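Working notes for the structure below.
Here is the naming used below: chain letters follow the sequence lines, and residue numbers restart at 1 for every chain. This is a predicted model, so every value here is computed, not measured.
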Protein chains: 2
Amino acid sequence: MSADVTQSTPPVWSDRKPGVEDIQRLILKRICFLEYTPGDRLKEAELAEEFGVSRTPVRDAISRINHLGLVETINGVGNVVMELPPEKIAQVYEIRLHLATLIGATTPAQIEESHLDRTRDLLQQAHQLGGQVDSRQYVSVNDQLNTLISDLIGNSVLRSFWTQAYYQAASTWHRVVDCAGPEVGDALVAELVDLETAMAEQDIQAVGYVQRIHIGYGYTRIKKYLLKNCDDDVS
Amino acid sequence: MSADVTQSTPPVWSDRKPGVEDIQRLILKRICFLEYTPGDRLKEAELAEEFGVSRTPVRDAISRINHLGLVETINGVGNVVMELPPEKIAQVYEIRLHLATLIGATTPAQIEESHLDRTRDLLQQAHQLGGQVDSRQYVSVNDQLNTLISDLIGNSVLRSFWTQAYYQAASTWHRVVDCAGPEVGDALVAELVDLETAMAEQDIQAVGYVQRIHIGYGYTRIKKYLLKNCDDDVS
DNA sequence: ATTACCGATGGTGCATGCAGCATGGCGAAA
DNA sequence: TTTCGCCATGCTGCATGCACCATCGGTAAT
């Protein structure tokens with residue numbers, strides 16, 4: 001298990017005790033960010049000590065994310081981080097493709113200037129990491145992008161489903177990023193460029209289809225890289 | 001709060017101690033079946049005693065279903081059963097309409113003879129309750145129907161979303177059934193007839209569209225009956 | 001040498017105690 | 001009589017203890 005994952009998550013709790021909601025989000029992020037990898041066993045007592053709380057809220061947080069299939073709780077063993085089987089990944093992406101088209105087909109949120117600003121900021125970040133695909137930074141940008149898209153989904157139910165599917169796909173996708181070369185960085189830039197255009201046009205439907213397109217590309221890369229061995233490390 | 005809801009749920013635990021999963025499902029069913037109505041406060045200690053367990057697993061079960069918005073946990077008050085605001089109902093139904101069309105558009109499950117049998121059984125049950133719309137029985141048939149559709153969804157992610165949206169819509173829908181006359185019984189029969197045809201044709205896509213159609217009708221009835229006052233009781 | 005058993009270890013599952021919060025009722029003051 | 005404030009009550013949030021379970025390593029028997 002990774003040594004000091006604490007350092008990697010900027011928002012430190014040093015001052016305030018985190019609630020169940022915070023713990024849940026943080027654990028999910030750590031799984032998506034590959035700070036926890038399949039096979040790792042999340043020990044309640046360990047996390048409890050790290051967060052300065054008792055096992056109870058940690059248990060609660062883990063219990064809430066069990067239904068995503070990312071963590072399987074086994075009595076007497078631990079909370080094992082699971083690798084989603086390829087079949088399930090296929091199902092997740094199949095749904096994500098459809099959900100993306102629904103972003104524009106359902107009651108939309110209003111595109112405001114702030115969203116455009118955030119998009120440009122992400123685009124700049126994406127440019128900065130350029131060929132040097134430090135997966136940590138890439139993942140960060142990707143996560144912010146997902147949050148941005150979420151904010152653009154007016155239908156709260158769709159937003160919930162979108163987020164769930166994102167979490168299910170994220171860890172696998174980020175594993176692909178490690179394997180694939182800088183092409184994923186270029187792809188991210190391309191996606192953000194398309195996104196900026198769509199948002200400048202105030203066209204939510206276009207935003208959805210941009211997502212649909214690039215999720216499709218992403219899944220193609222998963223199939224391309226994840227079936228082969230991923231022997232070259234990022235060191 | 002309803003007096004002895006225990007009687008209404010056939011599977012009694014008299015022999016075996018229920019797990020968190022069981023408790024979760026049972027609470028959800030009770031909300032859908034209107035045994036718990038908006039405003040009721042689910043008290044952990046109460047449920048714990050009923051199930052013969054401690055508060056801990058009950059807390060866990062309630063915590064897991066919090067994200068659906070059907071119960072809101074308020075410190076010092078209780079776990080309040082919430083009535084979804086009309087706006088959220090609209091969002092749920094908007095998504096349900098789209099999800100229905102995805103049943104046939106995604107990797108399907110195989111339609112087997114058993115499914116057809118279950119459909120015919122439901123049709124018979126629907127006929128039996130005819131004009132006498134005892135909401136309890138209606139809801140039971142409706143719930144079995146939803147389970148049946150779930151089994152026909154091959155994509156497990158879609159199945160999960162479908163179920164979540166069903167739970168969110170169910171309590172509201174069942175409240176409409178109380179208000180509306182026997183027309184909902186007829187509508188259910190019509191839906192099951194359509195469903196039987198589609199399944200006899202082995203046409204999953206048709207199954208999805210049948211759902212899409214009747215969910216649409218259902219939402220129309222919600223708008224028709226739920227905005228007006230629901231003064232006539234079922235006695 | 002190999003295999004079967006058993007106990008030590010470390011984890012989750014559940015029970016329970018206690019602190020904190022919200023609320024309603026009662027009493028005192030205006 | 002009305003209103004303000006305080007306390008009793010009941011519930012959730014969290015901490016902690018204990019029982020059960022899984023696993024692994026050592027030991028004894030074959």
Is it true that [X] and [Y] make a salt bridge, defined as a side-chain N closer than 4.0 Å to a carboxylate O?
X	Y	result
B/Glu21	B/Arg64	yes
B/Arg118	B/Asp151	yes
A/Glu35	A/Arg136	yes

Does B/Arg30 make a cation-pi contact with B/Phe33 (under 6.0 Å, within 45 degrees of the axis)? no

Salt bridge (charged side-chain N to carboxylate O under 4.0 Å, His left out) partners for A/Lys29, two or more places apart: A/Asp143

In chain order, what residues pass the side chain to side chain donor-acceptor pair (under 3.5 Å) check against A/Arg221, with sequence neighbours excluded? A/Glu183

Polar side chain donor-acceptor pair, B/Gln91 to A/Thr107, under 3.5 angstrom: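 There is no such pair (donor and acceptor under 3.5 Å, judged by atom type) between the side chains of B/Gln91 and A/Thr107.
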
Quiz question: by atom type and distance under 3.5 Å, do the side chains of A/Gln137 and A/Gln125 form a donor-acceptor pair? no

Could you tell me the boundaries of the chain B footprint on DNA chain C, defined by atoms under 4.0 Å from its heavy atoms? C/dC14 to C/dA22

Expected string for nucleotides 17-23 of chain D under the B/S/- scheme (protein heavy atoms, under 4.0 Å, primed atoms plus P, OP1, OP2 as sugar-phosphate) is B---BS-

Indicate the atoms forming the closest heavy-atom contact of B/Asn155 with A/Glu94, along with that distance. ND2-OE1, 2.9 Å

List in numerical order all residues of residues 57-66 of chain B for which some heavy atom is under 4.0 Å away from an atom belonging to DNA chain C. B/Pro57

Residue list, side-chain contact (heavy atoms from CB on, under 4.5 Å) with A/Ala90, at least two apart or on another chain: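 Testing A/Ala90 for side-chain contact (heavy atoms from CB on, under 4.5 Å), a comparison that skips the adjacent residues, returns A/Tyr219.
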
